[in-house]
Structures are given as structure tokens and as C-alpha cells.
Peer 1: 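Quick one: the structure is below, and I'll ask about it shortly.
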Amino acid sequence: MAGHAFRGEDFFSLDDLLSDEERAVRDAARAFVSDKIIPIVEKHHRNATFPTELIPQFGEMGFLGANLHGYDCAGVNNVAYGLIMQELERGDSGVRSYCSVKGGLVMYPIFSFGSEKQKDHWLPLLAKGQKTGCFGLSEPDHGSDPAGMETKAELKGDTWTLNGAKRWITNGTIADVAVVWARTKEGIRGFLVEKGMKGYSAPPIEGKFSLRASVTSELVFEDVKLPKDAVLPKADGLKAPLMCLTQARYGIAWGAVGSMMAVLDEAVHYTKSRVQFGKPIASFQLVQEKLVEMHTMLTHAQLTCLRMGRMKDENKLKPHHVSFGKRNNVRSAREVAKLGRELLGANGICDEYQVGRHMCNMESVYTYEGTHEIHTLVLGEHLTGIAAYK
Ligand SMILES: Cc1cc2nc3c(=O)[nH]c(=O)nc-3n(C[C@H](O)[C@H](O)[C@H](O)COP(=O)(O)OP(=O)(O)OC[C@H]3O[C@@H](n4cnc5c(N)ncnc54)[C@H](O)[C@@H]3O)c2cc1C
């Protein structure tokens with residue numbers, strides 16, 4: 001691992017635009033990542049394991065559902081929430097994914113669409129890191145087009161019967177509760193399915209070369225019997241899971257900034273100390289061009305995030321703005337990681353350094369929560385008024 005203190009690039013002094021509280025939240029998250037995540041992440045990435053021992057600490061730090069209010073959530077504003085996601089992804093996309101799935105895709109739907117009983121029971125446990133959740137929307141045969149989902153729930157008397165399968169589900173195997181979206185007679189509804197229910201299993205997906213320090217699973221439902229009140233009463237139709245995705249994608253746009261900060265920091269440090277042809281490679285024009293490209297993409301993404309955060313706090317942020325942020329920032333993070341890997345030469349393919357891990361992780365982040373292409377189509381529809389999905 002590059003043995004130097006991390007310096008977060010801030011070219012346009014965006015720190016000056018943050019409140020004292022936002023800076024304090026960011027600094028606490030940054031210190032947590034340096035102390036607790038960076039030292040162990042290489043091992044977890046190599047072994048394809050998630051650092052479950054950190055989950056209660058995420059709770060203590062207020063990282064879980066941080067922008068929700070009440071129910072033991074931290075209740076910070078959306079800029080501070082974004083800064084937490086940024087810092088966590090500076091550590092690793094898998095760690096940020098754990099927290100953003102939990103906050104945006106598990107706690108947010110329970111908070112927004114759940115009954116008081118569901119909220120009172122689950123939200124404090126999830127916020128404190130005493131329980132873990134996952135979000136099951138994607139299926140083996142339905143990814144970009146979740147409207148085609150085949151998972152079905154049928155109500156007879158006081159019991160729902162759930163059948164079907166979900167795939168690529170973050171946290172699935174370790175989740176105590178799964179928010180599962182299923183087709184019913186009245187349209188798509190959300191259900192809370194608990195670990196250990198008869199007919200429910202969540203085997204892990206093996207062999208990933210990306211997001212290795214994250215649990216990704218299949219969810220299988222074979223005649224799972226759910227009580228009538230397992231349904232999220234206020235979630236009606238596909239709009240509900242799409243609202244959840246908008247929350248999580250907002251955090252991803254910030255997370256991509258963290259990945260770029262990590263990669264740029266490592267690349268600048270490396271190129272200044274690596275000597276070839278009798279000089280540091282940072283003194284070569286072709287190397288500087290790559291660093292400048294990386295820096296420009298990072299700086300654009302930072303500006304986008306801060307504006308998105310302020311708009312979200314003013315309730316002005318629309319799904320197409322979030323598509324812009326997710327699409328632009330993740331594309332940039334993917335490019336930045338690739339350039340960083342080039343600059344480290346052979347060391348760039350080794351997990352002693354971070355750039356290769358970020359590069360592999362970005363392949364998942366580019367694909368999940370709406371692929372790059374799907375966000376292109378969202379923005380195309382915004383510009384033209386014409387939906388071009390099919
Ligand atoms: C590590 C990881 C974690 C994930 N976690 C979760 C999770 O927690 N919960 C969950 O529900 N899902 C999760 N997903 C699933 C993710 O959301 C899907 O992979 C994603 O929506 C894309 O679906 P797909 O992989 O089936 O690809 P497909 O939809 O089959 O797409 C394949 C390719 O075709 C392109 N394509 C599809 N339709 C169009 C179109 N109309 N126009 C142009 N191009 C198109 C896509 O952009 C893509 O390039 C995760 C995925 C990964 C990799």
C-alpha cells in the first residue's frame with residue numbers, strides 16, 4: 001500500500017462552501033476510513049469477504065441512513081450524507097455499497113412506505129448496525145427492465161405466498177431483512193422478508209472480479225409464507241423502488257468522487273517518486289497530461305455533487321439530475337481509475353496499491369443502479385421528451 005497520508009484534492013476550495021457541521025462529518029468519516037478501512041481492505045478484497053465486524057461501528061459513526069430523521073438515524077443534511085459516501089468509497093466501493101444499499105434501498109423504503117410498526121421495529125436496528133438489510137429488485141432475466149419481473153406474491157386469507165428469484169443482491173447473504181419487490185394482483189408491491197423464513201435462501205455469488213469486498217447474492221423464494229402485514233403499505237407500483245434507486249444513486253455520484261480522490265492521490269504520489277530515465281516520471285509531459293485529465297474529471301464531479309446536494313436539501317433535485325450525476329461521475333471514476341492504473345505501470349495491477357482495485361470496482365458501479373446506458377436514455381428523454389428505452 002502506498003505509505004503516505006491521504007490528501008483530498010479540493011481545487012476550487014469547495015471546503016469554503018461547506019458548513020462547520022458538514023466539514024466535521026466529512027473529517028470524521030475520512031479519519032474512520034484511514035484508521036479502520038484502508039488497513040484491512042486489501043485483505044478483504046483478496047479474500048472476497050466483507051468486513052462484517054465494522055457494521056456496528058458504521059452504526060456508531062451514524063453512517064447508516066444518515067440523512068433520515070428520527071428512529072436513531074443521524075439526520076444530517078444531504079451534503080453531509082454525500083460526503084460520508086464520498087469518504088467511504090475513498091476506502092472501497094464495496095464498503096460504500098453496504099452503507100448506501102442499507103440507507104437508500106432498505107431504510108429509505110421502510111421509512112417512506114412502511115407502517116409505524118415496521119419503522120419502529122426495523123429502523124433503529126438497521127441504523128445502529130445491529131441488523132443488515134438488502135434490496136431485491138433485479139432478477140436473473142430482468143435487470144435494466146425491472147417492469148418485466150417474474151417474482152410473484154399471492155394473498156390468500158391473511159397470508160402472502162412468495163415465489164421467484166432475485167440476483168445480484170448486495171448484502172443478500174448477510175441480510176436479516178430483505179426488501180423484495182414482487183408482482184401481485186394489484187401491481188408491484190414491496191415486502192419485508194426475514195432471514196430464516198421457510199423457503200427463503202440467499203446463496204452468495206462467487207467469482208467476482210469487481211466489488212470483491214462486498215457480499216453479492218441470489219435470493220430464492222420457494223412458497224415463502226409471509227404474514228399479511230409483511231407488505232410495505234404505502235409502496236404502490238414500480239415508482240416506489242425507482243424512488244429508492246434515486247436515493248441510492250445520489251450517494252453513488254458522491255462515492256465516485258471518493259474513488260477518484262483516492263486514485264489521483266496515489267497516482268500523484270507515485271509518479272513523483274518513481275524514477276525512470278533518471279527523472280521522476282511526473283516530469284514527463286505525457287504523464288502530466290494524464291494527471292491533469294484525472295484532476296479535471298474529479299473537479300467536475302465534485303462541483304456536480306455539491307450542487308446536487310444543495311438542490312436536494314431544497315427539494316429541487318429531480319431524478320434526471322441524479323441520472324446526470326451518477327452517469328457523469330461514475331464514467332469519470334472509471335476513466336480516472338484506468339489512467340491511474342496506467343501511471344503505476346506493473347504496480348498498477350497489484351493489490352499492494354489501490355488503483356487496480358478501484359478500477360475493477362468501477363465496473364460494478366458503472367453497471368448497477370441503472371447502467372450508464374439507461375441513464376443516457378433518462379437524459380435523452382429529458383432533452384427530447386421522447387422515451388427511447390424500447
Ligand atoms: C455488484 C453488483 C451489485 C448489485 N446490487 C444490486 C442490489 O443490491 N439490488 C438489485 O436489485 N440489483 C443489484 N444489482 C443489479 C444491477 O442493478 C443490474 O446488474 C443492472 O440493473 C443491469 O442489469 P443486468 O446486469 O441484467 O444487465 P442488462 O439489463 O441485461 O443489460 C446488459 C447491457 O445491455 C444494455 N441495455 C439494456 N437495455 C438497454 C436499452 N434499452 N438501451 C440500450 N442499452 C440497453 C445495458 O446498458 C448493459 O450494457 C447489482 C449488480 C452488481 C454487478
Side-chain angles (χ1 to χ4, degrees), residues 44-45 48-50 89 92-109 132-151 164-175 177-183 188 190-191 193 202-221 235 238 240-249 251-252 255-256 259 323 326-327 330-331 334 357-381 386-390:
H44 283 287
H45 186 260
T49 49
F50 181 76
E89 197 142 0
D92 189 74
S93 304
V95 173
R96 195 272 306 142
S97 295
Y98 177 91
C99 294
S100 57
V101 163
K102 206 163 171 188
L105 299 179
V106 180
M107 296 172 70
Y108 171 84
T132 284
C134 70
F135 174 89
L137 180 66
S138 306
E139 298 190 351
D141 295 329
H142 305 278
S144 297
D145 182 18
M149 72 173 64
E150 292 168 53
T151 299
K166 300 288 174 181
R167 191 162 165 82
W168 304 113
I169 307 308
T170 302
N171 302 345
T173 311
I174 58 171
V177 62
V179 174
V180 177
W181 301 94
R183 189 174 290 294
I188 289 169
F191 296 87
V193 180
I205 295 174
E206 312 280 356
K208 291 180 295 170
F209 66 76
S210 172
L211 225 68
R212 288 177 57 77
S214 170
V215 175
T216 314
S217 316
E218 198 168 351
L219 308 183
V220 183
F221 312 105
L238 192 61
L242 295 183
M243 283 168 67
C244 303
L245 290 170
T246 301
Q247 299 303 312
R249 289 163 178 169
I252 292 173
S259 169
S323 283
K326 196 274 183 183
R327 178 181 183 276
V330 176
R331 174 177 61 182
R334 193 184 190 215
R357 178 167 49 79
H358 281 284
M359 185 182 76
C360 292
N361 281 343
M362 274 307 133
E363 294 306 308
S364 289
V365 182
Y366 193 76
T367 287
Y368 72 22
E369 302 266 359
T371 66
H372 181 80
E373 292 75 20
I374 292 299
H375 289 295
T376 305
L377 297 175
V378 171
L379 291 165
E381 183 179 4
I386 303 167
Y389 305 91
K390 21 183 162 174

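Sequential numbering from 1 along the given sequence is applied to the chain's residues. Computed over heavy atoms, backbone and side chain alike; hydrogens, waters and symmetry mates excluded. Each ligand, and each atom within it, is numbered from 1 in the order the structure gives.
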Peer 1: Identify the residue among Thr216, Asp92, Ile174 that makes a side chain to side chain contact (heavy atoms under 4.5 Å, CB included) with Phe50.
Peer 2: Ile174
Peer 1: Would you mind listing which atoms of ligand 1 come within a distance below 4.0 Å of any non-hydrogen atom of Ile169?
Peer 2: 7 (C), 8 (O), 9 (N), 10 (C), 11 (O)
Peer 1: Identify, for atom 50 (C) of ligand 1, the protein heavy atom at the shortest distance, and state residue, atom and that distance.
Peer 2: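 Here the nearest protein heavy atom works out to Trp168 O, 3.1 Å.
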Peer 1: I'd like to check Ile205 versus Arg167 (side-chain heavy atoms, cut-off strictly below 4.5 Å). Are they in contact?
Peer 2: yes
Peer 1: Strictly by modelled atom types, are Tyr98 and Thr132 linked by a side-chain donor-acceptor pair under 3.5 Å?
Peer 2: yes
Peer 1: Tell me the nearest of Gly148, Ser100, Ser144 to atom 28 (P) of ligand 1, using heavy-atom distances.
Peer 2: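 Nearest option to atom 28 (P) of ligand 1, by heavy atoms: Ser144.
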Peer 1: Is the shortest distance from a Lys or Arg side-chain nitrogen in Glu150 or Arg183 to a carboxylate oxygen in the other one below 4.0 Å?
Peer 2: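 Judged by the 4.0 Å cut-off on N to carboxylate O distance, Glu150 and Arg183 do not form a salt bridge.
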Peer 1: Could you check atom 39 (C) of ligand 1 against the protein and tell me its nearest heavy-atom contact, residue, atom and distance included?
Peer 2: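 Scanning the protein heavy atoms, the shortest distance from atom 39 (C) of ligand 1 goes to Ile374 CD1, 4.1 Å.
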Peer 1: Could you check atom 22 (C) of ligand 1 against the protein and tell me its nearest heavy-atom contact, residue, atom and distance included?
Peer 2: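 Looking only at protein heavy atoms, the one closest to atom 22 (C) of ligand 1 is Thr371 CG2, 3.7 Å.
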Peer 1: With heavy-atom distances below 4.0 Å as the criterion, list the atoms of ligand 1 near Leu137.
Peer 2: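 Heavy-atom distances to Leu137 below 4.0 Å select 11 (O).
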Peer 1: Can you find a pair of side-chain heavy atoms, one from Trp181 and one from Cys244, that are under 4.5 Å apart?
Peer 2: yes
Peer 1: What do you reckon, does Leu377 put a non-hydrogen atom under 4.0 Å from ligand 1?
Peer 2: yes
Peer 1: For ligand 1, is any non-hydrogen atom under 4.0 Å from Glu369's backbone (N, CA, C, O), its side chain (CB onward), both, or neither?
Peer 2: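 Answer for Glu369: backbone.
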Peer 1: If you count the atoms of ligand 1 from 1 in the order shown, which ones are under 4.0 Å from a heavy atom of Leu211?
Peer 2: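 Listed by number with element, the hits are 1 (C).
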Peer 1: Quick test: of every protein heavy atom, which one is nearest to atom 8 (O) of ligand 1, and how far off is it to 0.1 Å?
Peer 2: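 Answer for atom 8 (O) of ligand 1: Thr170 N, 3.0 Å.
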Peer 1: Under 3.5 Å, is there a donor-acceptor pair linking the side chains of Ser100 and Arg96?
Peer 2: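 Distance-only check passes for Ser100 and Arg96.
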Peer 1: Identify, for atom 44 (N) of ligand 1, the protein heavy atom at the shortest distance, and state residue, atom and that distance.
Peer 2: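 Nearest neighbour among protein heavy atoms for atom 44 (N) of ligand 1, to 0.1 Å: Glu373 CB, 3.8 Å.
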Peer 1: What I'd like to find out is whether the side chain of Leu137 reaches to under 4.5 Å of the side chain of Leu245, using heavy atoms alone.
Peer 2: yes
Peer 1: Less than 4.5 Å apart, any side-chain heavy atom of Pro241 and any of Phe135?
Peer 2: yes
Peer 1: Just so I know, are the side chains of Gln247 and Leu105 near enough to count as touching, which here means a heavy-atom distance under 4.5 Å?
Peer 2: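 Side-chain contact under 4.5 Å: no.
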Peer 1: Kindly state if atom 37 (C) of ligand 1 has a protein heavy atom within a strict 4.0 Å cut-off, that is, under 4.0 Å?
Peer 2: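 Given the 4.0 Å cut-off, atom 37 (C) of ligand 1 counts as touching protein heavy atoms.
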Peer 1: For a 4.5 angstrom cut-off between non-hydrogen side-chain atoms, does Lys166 reach Val180?
Peer 2: yes
Peer 1: Can you tell which of Gly370, Ser364, Ala388 gets a heavy atom nearest to atom 1 (C) of ligand 1?
Peer 2: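 The option holding the nearest heavy atom is Ser364.
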Peer 1: Compute whether any side-chain donor of one residue and acceptor of the other, for Thr170 and Tyr368, lie under 3.5 angstrom apart.
Peer 2: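 No, no side-chain donor-acceptor pair sits under 3.5 Å.
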Peer 1: Considering non-hydrogen atoms of the protein only, which is the closest contact for atom 20 (C) of ligand 1, and what is the distance?
Peer 2: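 Of every protein heavy atom, Thr367 O, 3.5 Å lies nearest to atom 20 (C) of ligand 1.
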Peer 1: Yes or no, since that's all I need: does a protein heavy atom fall within a distance strictly under 4.0 Å of atom 33 (C) of ligand 1?
Peer 2: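 Neighbour list for atom 33 (C) of ligand 1 is empty of protein heavy atoms (cut-off 4.0 Å).
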Peer 1: Under 4.0 Å from any heavy atom of Tyr389, which atoms of ligand 1 are there?
Peer 2: 41 (N)
Peer 1: Looking at atom 11 (O) of ligand 1, what's its closest protein heavy atom, distance included?
Peer 2: Ser138 N, 2.8 Å
Peer 1: Side chains of Ser323 and Arg249: do they bring a donor and an acceptor to under 3.5 Å?
Peer 2: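 Judged by distance alone, the side chains do not pair up.
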Peer 1: Starting from atom 9 (N) of ligand 1, find the nearest protein heavy-atom neighbour and note its residue, name and distance.
Peer 2: Phe135 O, 2.9 Å
Peer 1: Hey, is atom 4 (C) of ligand 1 touched by any protein heavy atom at less than 4.0 Å?
Peer 2: yes
